[in-house]
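Nothing fancy with the numbering, it's 1 onward along the sequence. This one's a predicted model, so the numbers in the text were calculated from it and none came from an experiment. Only heavy atoms go into these numbers, but all of them, side chains included; no hydrogens, no water, no symmetry mates.
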Amino acid sequence: MEELMRLAGAHEVKQLLGVSRQRVYQLAARSDFPKPVAALAQGKVWLLGDIEQWLAERQLLFGKGRGKSFDQEVRDLSADYSKAGA
């Protein structure tokens with residue numbers, strides 16, 4: 001059976017990560033964030049599986065018992081990005 005390609009735009013990614021649309025694009029500018037598979041007039045499009053994998057890896061790194069929460073890590077990454085003048 002053929003597997004369906006699950007796609008996500010910034011709106012779906014922001015809901016999955018629990019951040020704003022602006023933060024999605026800030027995170028997307030990072031080298032460790034999944035690369036979009038397309039750029040449409042409405043914005044970038046990612047494979048949902050790539051975003052889920054990225055999220056799962058961060059939750060392992062920053063999850064309970066490992067210091068910062070994932071939410072705090074996202075806020076810190078976004079602040080670092082903003083300070084860099086991007």
Less than 4.5 Å apart, any side-chain heavy atom of [X] and any of [Y]?
{"X": "Val24", "Y": "Trp46", "value": "yes"}
{"X": "Trp54", "Y": "Leu17", "value": "yes"}
{"X": "Leu47", "Y": "Leu7", "value": "yes"}

**Asked** CD of Gln15: more than 12 outside heavy atoms within 6.0 angstrom?
**Response**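 Yes, CD of Gln15 has more than 12 neighbouring heavy atoms, counting only those of other groups under 6.0 Å.
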
**Message:** Taking salt bridge (Lys or Arg N to Asp or Glu O under 4.0 Å) as the cut-off, I'd like each qualifying pair that reaches into residues 37-53, sequence neighbours left out, listed once.
**Reply:** Arg6-Glu52

**Message:** I need the Gln22 CD to Leu27 CG distance, nearest 0.5 Å.
**Reply:**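 Taking CD in Gln22 and CG in Leu27, the distance rounds to 10.5 Å.
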
**Asked** Which heavy-atom pair separates Arg30 from Lys35 by the least distance, and what is that distance?
**Response**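 It is O-NZ, 4.0 Å.
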
**Partner set under side chain to side chain contact (heavy atoms under 4.5 Å, CB included) for Glu12, not counting sequence neighbours** =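 With neighbours one apart ignored, the set is Ala8.
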
